[in-house]
Asker: 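Structure in C-alpha coordinates, see below.
Because the structure is a prediction, the values reported are computed rather than measured.
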Amino acid sequence: MSYEIIIGKSIGNIRIGMTRQEVYGMYNDLVECKETPFGYDHEMIYDYNDDFQIFYDKDGLVEFILCMNPEKMVIYGKHLNEEITYQDLLNIAKKAHDVDEDNEGFTCDSLGFGVCFTENDNGILLIDNVQVVKKDFWKNEPR
(Lines give C-alpha, C1' and ligand atoms only; values in the text may rest on other atoms or scores of the structure.)
Protein backbone atom coordinates (compact mmCIF):
# COMPACT_ATOMS: atom_id res chain seq x y z
CA MET A 1 0.00 0.00 0.00
CA SER A 2 1.19 3.51 -0.76
CA TYR A 3 -0.13 6.95 0.09
CA GLU A 4 -0.12 9.56 -2.67
CA ILE A 5 0.65 13.05 -1.41
CA ILE A 6 -1.24 15.89 -3.03
CA ILE A 7 0.27 19.06 -1.62
CA GLY A 8 -2.27 21.09 0.34
CA LYS A 9 -5.04 18.56 -0.32
CA SER A 10 -4.45 15.00 0.89
CA ILE A 11 -2.26 12.10 1.88
CA GLY A 12 -3.69 8.83 0.61
CA ASN A 13 -7.44 8.78 1.13
CA ILE A 14 -7.41 11.40 3.89
CA ARG A 15 -8.32 14.84 2.55
CA ILE A 16 -8.26 18.25 4.15
CA GLY A 17 -11.87 19.16 5.01
CA MET A 18 -13.14 15.59 5.50
CA THR A 19 -15.32 14.92 8.49
CA ARG A 20 -14.05 12.83 11.36
CA GLN A 21 -16.78 10.28 10.59
CA GLU A 22 -15.50 9.95 7.00
CA VAL A 23 -11.97 9.31 8.27
CA TYR A 24 -13.23 6.68 10.74
CA GLY A 25 -15.14 5.05 7.88
CA MET A 26 -11.84 4.39 6.10
CA TYR A 27 -9.62 3.54 9.08
CA ASN A 28 -10.95 1.36 11.88
CA ASP A 29 -7.61 1.27 13.73
CA LEU A 30 -7.56 4.93 14.79
CA VAL A 31 -7.04 5.77 18.43
CA GLU A 32 -8.23 9.03 19.96
CA CYS A 33 -5.66 10.98 21.92
CA LYS A 34 -6.11 13.98 24.21
CA GLU A 35 -2.92 15.88 24.99
CA THR A 36 -1.10 19.15 24.49
CA PRO A 37 1.10 18.51 21.43
CA PHE A 38 4.48 20.16 20.97
CA GLY A 39 3.98 23.78 19.92
CA TYR A 40 0.47 24.06 21.40
CA ASP A 41 -0.61 25.77 24.59
CA HIS A 42 -3.84 23.83 25.03
CA GLU A 43 -5.11 20.28 24.94
CA MET A 44 -6.08 18.89 21.55
CA ILE A 45 -8.06 15.84 20.55
CA TYR A 46 -6.66 14.00 17.55
CA ASP A 47 -6.66 10.54 16.03
CA TYR A 48 -3.65 8.39 15.21
CA ASN A 49 -2.55 4.96 14.04
CA ASP A 50 0.80 3.53 12.93
CA ASP A 51 0.85 5.74 9.82
CA PHE A 52 -1.04 8.95 10.64
CA GLN A 53 -1.83 11.69 13.10
CA ILE A 54 -4.99 13.58 12.12
CA PHE A 55 -6.07 16.85 13.71
CA TYR A 56 -9.52 18.40 13.27
CA ASP A 57 -10.77 21.97 13.45
CA LYS A 58 -13.53 23.12 15.82
CA ASP A 59 -16.15 21.85 13.34
CA GLY A 60 -14.67 18.34 13.26
CA LEU A 61 -13.09 18.71 9.80
CA VAL A 62 -9.58 17.50 8.97
CA GLU A 63 -7.13 20.40 9.05
CA PHE A 64 -3.80 18.61 9.61
CA ILE A 65 -2.54 15.25 8.34
CA LEU A 66 0.84 13.91 9.42
CA CYS A 67 2.12 10.72 7.80
CA MET A 68 5.01 9.06 9.61
CA ASN A 69 5.87 6.30 7.12
CA PRO A 70 7.95 7.76 4.29
CA GLU A 71 8.47 4.32 2.77
CA LYS A 72 4.71 4.22 2.05
CA MET A 73 4.45 7.71 0.52
CA VAL A 74 4.73 8.84 -3.08
CA ILE A 75 4.52 12.28 -4.63
CA TYR A 76 4.25 12.91 -8.37
CA GLY A 77 4.47 9.12 -8.74
CA LYS A 78 7.90 9.00 -7.04
CA HIS A 79 8.74 7.19 -3.81
CA LEU A 80 10.08 9.34 -1.00
CA ASN A 81 13.77 8.91 -0.15
CA GLU A 82 14.23 6.56 -3.12
CA GLU A 83 13.21 8.66 -6.12
CA ILE A 84 12.56 12.05 -4.56
CA THR A 85 14.66 13.57 -1.80
CA TYR A 86 14.11 16.01 1.03
CA GLN A 87 16.00 18.63 -1.00
CA ASP A 88 13.69 18.01 -3.99
CA LEU A 89 10.63 18.70 -1.81
CA LEU A 90 12.25 21.77 -0.28
CA ASN A 91 12.97 23.13 -3.77
CA ILE A 92 9.32 22.60 -4.75
CA ALA A 93 8.15 24.46 -1.64
CA LYS A 94 10.63 27.31 -2.11
CA LYS A 95 8.84 28.30 -5.31
CA ALA A 96 6.04 29.57 -3.02
CA HIS A 97 8.41 32.04 -1.30
CA ASP A 98 7.05 31.53 2.22
CA VAL A 99 9.07 28.55 3.39
CA ASP A 100 10.02 28.46 7.05
CA GLU A 101 13.08 26.23 7.54
CA ASP A 102 14.71 25.03 10.73
CA ASN A 103 17.03 22.22 11.79
CA GLU A 104 14.19 19.66 11.60
CA GLY A 105 12.60 20.48 8.24
CA PHE A 106 10.34 23.06 6.66
CA THR A 107 6.77 24.30 6.49
CA CYS A 108 5.09 26.29 3.75
CA ASP A 109 1.83 27.94 4.77
CA SER A 110 0.66 28.97 1.32
CA LEU A 111 1.03 25.42 0.00
CA GLY A 112 -0.24 23.71 3.16
CA PHE A 113 2.82 21.47 3.19
CA GLY A 114 5.62 20.54 5.55
CA VAL A 115 8.37 17.95 5.79
CA CYS A 116 10.64 16.84 8.65
CA PHE A 117 13.90 15.02 8.14
CA THR A 118 16.43 12.88 9.94
CA GLU A 119 20.10 12.71 9.04
CA ASN A 120 21.71 9.34 8.42
CA ASP A 121 25.29 8.38 9.32
CA ASN A 122 26.50 9.63 5.92
CA GLY A 123 25.00 13.09 6.45
CA ILE A 124 22.17 12.49 3.99
CA LEU A 125 18.85 14.10 4.91
CA LEU A 126 16.07 11.51 4.84
CA ILE A 127 12.38 12.39 4.88
CA ASP A 128 10.96 11.37 8.26
CA ASN A 129 7.38 12.62 7.96
CA VAL A 130 5.15 14.74 5.76
CA GLN A 131 2.41 17.13 6.80
CA VAL A 132 -0.45 18.31 4.63
CA VAL A 133 -2.50 21.06 6.24
CA LYS A 134 -5.20 23.53 5.40
CA LYS A 135 -3.81 26.67 3.83
CA ASP A 136 -2.38 29.15 6.36
CA PHE A 137 -2.68 26.57 9.16
CA TRP A 138 0.60 27.54 10.77
CA LYS A 139 0.02 31.27 10.35
CA ASN A 140 -3.53 31.50 11.68
CA GLU A 141 -3.78 28.64 14.14
CA PRO A 142 -3.73 29.82 17.74
CA ARG A 143 -1.31 27.66 19.63
Side-chain angles (χ1 to χ4, degrees), residues 1-40 42-96 98-122 124-143:
M1 170 190 298
S2 65
Y3 304 121
E4 178 74 28
I5 301 163
I6 300 176
I7 294 175
K9 297 194 184 299
S10 63
I11 300 179
N13 293 329
I14 305 171
R15 295 180 324 277
I16 298 299
M18 287 180 93
T19 67
R20 193 171 191 194
Q21 294 75 25
E22 288 174 314
V23 173
Y24 269 83
M26 292 185 298
Y27 296 95
N28 60 5
D29 64 340
L30 291 171
V31 175
E32 180 179 276
C33 185
K34 295 179 185 180
E35 68 178 8
T36 303
F38 178 78
Y40 285 77
H42 60 281
E43 184 176 79
M44 298 287 297
I45 297 173
Y46 64 93
D47 297 319
Y48 72 93
N49 63 14
D50 288 340
D51 294 334
F52 296 103
Q53 287 183 353
I54 306 158
F55 288 77
Y56 305 89
D57 65 16
K58 63 180 176 26
D59 298 318
L61 303 177
V62 174
E63 67 175 354
F64 179 99
I65 310 161
L66 171 80
C67 188
M68 302 164 286
N69 275 325
E71 64 277 357
K72 292 184 178 180
M73 289 185 276
V74 296
I75 188 167
Y76 307 123
K78 296 180 179 183
H79 290 86
L80 302 190
N81 291 324
E82 293 175 19
E83 301 169 302
I84 194 161
T85 66
Y86 172 80
Q87 190 62 49
D88 294 332
L89 295 179
L90 179 59
N91 290 339
I92 290 166
K94 282 187 173 181
K95 293 176 184 175
D98 69 334
V99 173
D100 183 19
E101 288 181 82
D102 61 24
N103 60 352
E104 297 178 2
F106 71 85
T107 59
C108 181
D109 247 344
S110 64
L111 293 179
F113 186 56
V115 177
C116 291
F117 66 81
T118 56
E119 188 172 346
N120 72 8
D121 293 338
N122 298 324
I124 297 171
L125 302 181
L126 298 174
I127 299 162
D128 183 58
N129 67 64
V130 172
Q131 307 113 48
V132 170
V133 302
K134 95 177 153 183
K135 185 179 176 187
D136 295 328
F137 174 82
W138 289 289
K139 181 171 38 175
N140 295 329
E141 181 67 16
R143 307 247 191 265

Asker: So V115 and L90, do their side chains get closer than 4.5 Å, heavy atoms only?
Answerer: no
Asker: Please say whether more than 12 non-hydrogen atoms of neighbouring residues, nucleotides or ligands are located less than 6.0 Å from CG in D29.
Answerer: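 Yes, because the 6.0 Å sphere around CG of D29 holds more than 12 heavy atoms from other groups.
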Asker: Testing the basics here: between E4 and G77, what is the closest heavy-atom pair and its distance to 0.1 Å?
Answerer: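 Minimum heavy-atom contact is OE2-N, 3.9 Å.
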Asker: How would you list, by chain and number, every residue that makes a side-chain hydrogen bond (donor to acceptor under 3.5 Å, both in side chains) with E32, sequence neighbours excluded?
Answerer: R20
Asker: May I ask you to check whether N49 and Y27 show a side-chain donor-acceptor distance below 3.5 Å?
Answerer: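 Note: N49 and Y27 side chains miss the donor-acceptor criterion.
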Asker: Do the charged groups of K34 and E43 touch, with an N to O distance under 4.0 Å?
Answerer: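 Looking at K34 and E43, the cut-off is not met.
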Asker: May I ask you to check whether F64 and Y46 place their ring centres under 6.0 Å from each other?
Answerer: no
Asker: Determine the minimum heavy-atom distance between F117 and G105, stating which atoms define it.
Answerer: CE2-N, 3.4 Å
Asker: Looking only at non-hydrogen atoms, find the nearest pair between A96 and C108 and report the distance.
Answerer: CB-SG, 3.6 Å
Asker: Return yes if some donor-acceptor pair links the side-chain N/O of D109 with the main-chain N/O of W138 below 3.5 Å, else return no.
Answerer: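 Yes, D109 side chain to W138 backbone: donor-acceptor pair under 3.5 Å.
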Asker: Look up atom CZ in R15 and atom CE in M26, then write down how far apart they are to the nearest 0.5 Å.
Answerer: 6.5 Å
Asker: NZ/K58 to CD/E63 distance, rounded to the nearest 0.5 angstrom?
Answerer: 9.5 Å
Asker: Quick one: SG on C116 to CG on L66, what's the gap to the nearest 0.5 Å?
Answerer: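 Those atoms lie 7.5 Å apart.
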Asker: Report yes or no: does D59 contribute a side-chain atom to a donor-acceptor pair with the main-chain N or O of L61 at less than 3.5 Å?
Answerer: no
Asker: Can you tell me how far apart CG (D136) and OG (S110) are? Round to the nearest 0.5 Å.
Answerer: 7.5 Å
Asker: Show your reasoning for whether side-chain contact (heavy atoms from CB on, under 4.5 Å) applies to L89 and L80.
Answerer: CA-CA 9 Å; L89 295 179; L80 302 190; 4.2 Å; yes
Asker: Just verifying a value: how many Å separate D128 CG and M68 CE, rounded to the nearest 0.5 Å?
Answerer: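 Taking CG in D128 and CE in M68, the distance rounds to 9.5 Å.
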Asker: If you define the side chain from C-beta out and look only at heavy atoms, does anything of I92 sit under 4.5 Å from Y76?
Answerer: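 Result yes, sub-4.5 Å side-chain heavy-atom pair found.
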Asker: Kindly say whether I124 contributes a backbone atom to a donor-acceptor pair with the side chain of N122 at under 3.5 angstrom?
Answerer: no
Asker: Do D47 and Y56 have a side chain donor and acceptor closer than 3.5 Å?
Answerer: yes
Asker: Quick one: pull up CD1 in I14 and CG in L30 and give me the separation to the nearest 0.5 Å.
Answerer: 7.0 Å
Asker: Under 3.5 Å, is there a donor-acceptor pair between the side chain of D100 and the main chain of T107?
Answerer: no
Asker: Starting from the C-alpha separation in whole Å, work towards a yes-or-no answer on side-chain contact (heavy atoms from CB on, under 4.5 Å) for Q87 and N91.
Answerer: CA-CA 6 Å; Q87 190 62 49; N91 290 339; 3.1 Å; yes
Asker: Walk me through it: do F137 and V132 pass the test side-chain contact (heavy atoms from CB on, under 4.5 Å)?
Answerer: CA-CA 10 Å; F137 174 82; V132 170; over 6 Å; no
Asker: Using a 3.5 Å distance criterion without hydrogens, assess whether the side chain of T85 forms a donor-acceptor pair with backbone atoms of D88.
Answerer: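 A pair under 3.5 Å: yes.
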Asker: Hey, are the side chains of K9 and I16 touching, using non-hydrogen atoms and a 4.5 Å cut-off?
Answerer: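 Answer no - side chains too far apart.
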Asker: For the residue pair S10 and I65, what are the closest heavy atoms and their distance?
Answerer: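 Scanning both residues completely, I find the closest heavy atoms to be CA-CD1, 4.3 Å.
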Asker: With under 30° as parallel and over 60° as perpendicular, where do the rings of Y86 and F106 fit, or are they tilted in between?
Answerer: tilted
Asker: Applying side-chain contact (heavy atoms from CB on, under 4.5 Å), run through F113 and V130 and close with a yes or a no.
Answerer: CA-CA 8 Å; F113 186 56; V130 172; 3.6 Å; yes
